[in-house]
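Positions are given from 1, in the same order as the sequence printed here.
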Amino acid sequence: MRILVCGTNYGSTYIRALAMSHGSMTLVGILSTGSARSKAYAQHVQIPHYSNIKDIPDHSVDIACVAVPGEAGQVLVLALLEKGIHVLCEHPIGALQMRKALELAQKKQCVFQVNAHFSDLYAPQAFYNALHVARQAGECLHYELSVNLRTLYSGLDLLGRALGSLKGMLVSSPADPNALFVNLTLSGPSVNVSMLCQNFASEADDGSATLINHRMSATFPHGNLLLAETNGPVLWFPSPVSMPADQWQNYLLVDLAVLKQDQLMGQRDGANLAKIQAMASTIQGGPTPLEQEPEYLLHLAALWEETLATLQPELA
């Protein structure tokens, strides 16, 4: 598969990810506004740099990874699909933009998918595996989700993958939308979710004000499962009556990987490569993952916008 990377800020992780593919995925170009960083990347790996979609030769690209935020990214997605290129787009995406992209992709017989990224990391995947095991002994009674404004979209994706659907999910109005930490309830046809959102951020997107990224728990009659943070650990707290007294202990480790910064970045690059490979499989006739089904993507985008408007009504 021939891959075009659009944008080299966060897009650099896609470039690093493709370097891990051992030839199965080939970086064939970089599209950007022409920054020195982008030109240096292209020169370093000896591939073309484009500043206009019209300059990309027809039939030279299979998948475009769009890591350009805001309106510029939305315009780019539609232009690439119009050209007949499959698109993997970085999150978040609003409901109207999602619908436009999905409808154009269908018209052009292209695949359009969204990379919400965080659910594909090791700790969330360990959480999902443990969730599946816990469900064998009884249904989950309640979920809790904690996020910040920046991780709201990916946090809702984390929840959606656990539930299997976000269809019919409604958001309660908070008692105090101006609080630093806002409590919400997400109500669905068969589930209620307690949600806490850190309702402030720093001016610079440097992580200095990030106190919560992603935290999620699932309560069962026989215990509680906890994803303590995006990168773990994942713990199981068994109910006191769920095990024989001589075997019971207050918690069981599900995933306790100690990550250094470089290991975390390698894990994130690997997750992005896996996402590109999964999309390539769909293009080649394989099944579409649940989280990439149009209905799922539309419900996720709509719930994200509704929740964000509830938290930040002045921006709605």
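- Separating the CG atom in Asn148 from the CG atom in Leu311 is a distance of 11.0 Å, to the nearest 0.5 Å.
- A donor-acceptor pair under 3.5 Å is absent between the side-chain atoms of Thr151 and the main chain of Val147, judged by distance alone.
- Leu308 and Leu300 fall within a single hydrophobic cluster, where Ile, Leu, Val, Met, Phe, Trp and Tyr are joined by side-chain heavy atoms under 4.5 Å apart, directly or via other members.
- If you take CD on Glu144 and CG on Leu226, they are separated by 9.5 Å, rounding to the nearest 0.5 Å.
- Between atom CG of residue Leu102 and atom CD of residue Gln292 there is a gap of 9.5 Å, rounded to the nearest 0.5 Å.
- Using modelled atom types, no side-chain atom of Ser21 and backbone atom of Ala17 make a donor-acceptor pair closer than 3.5 Å.
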One pair to check against side chain to side chain contact (heavy atoms under 4.5 Å, CB included): Tyr143 and Leu186. What are the steps and the verdict? CA-CA 10 Å; Tyr143 291 91; Leu186 304 179; over 6 Å; no

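- Here CD of Gln277 is found 11.0 Å from CE of Met1. Values are rounded to the nearest 0.5 Å.
- How far NE2 of His117 is from CG of Asn272: 5.0 Å, rounded to the nearest 0.5 Å.
- Under the 3.5 Å distance criterion, the side-chain polar atoms of Gln198 are matched with a main-chain donor or acceptor of Ala209.
- Under the 3.5 Å distance criterion, the side-chain polar atoms of His222 are left unmatched by any main-chain donor or acceptor of Pro238.
- Side-chain polar atoms of Ser154 and His214 form a donor-acceptor pair below 3.5 angstrom.
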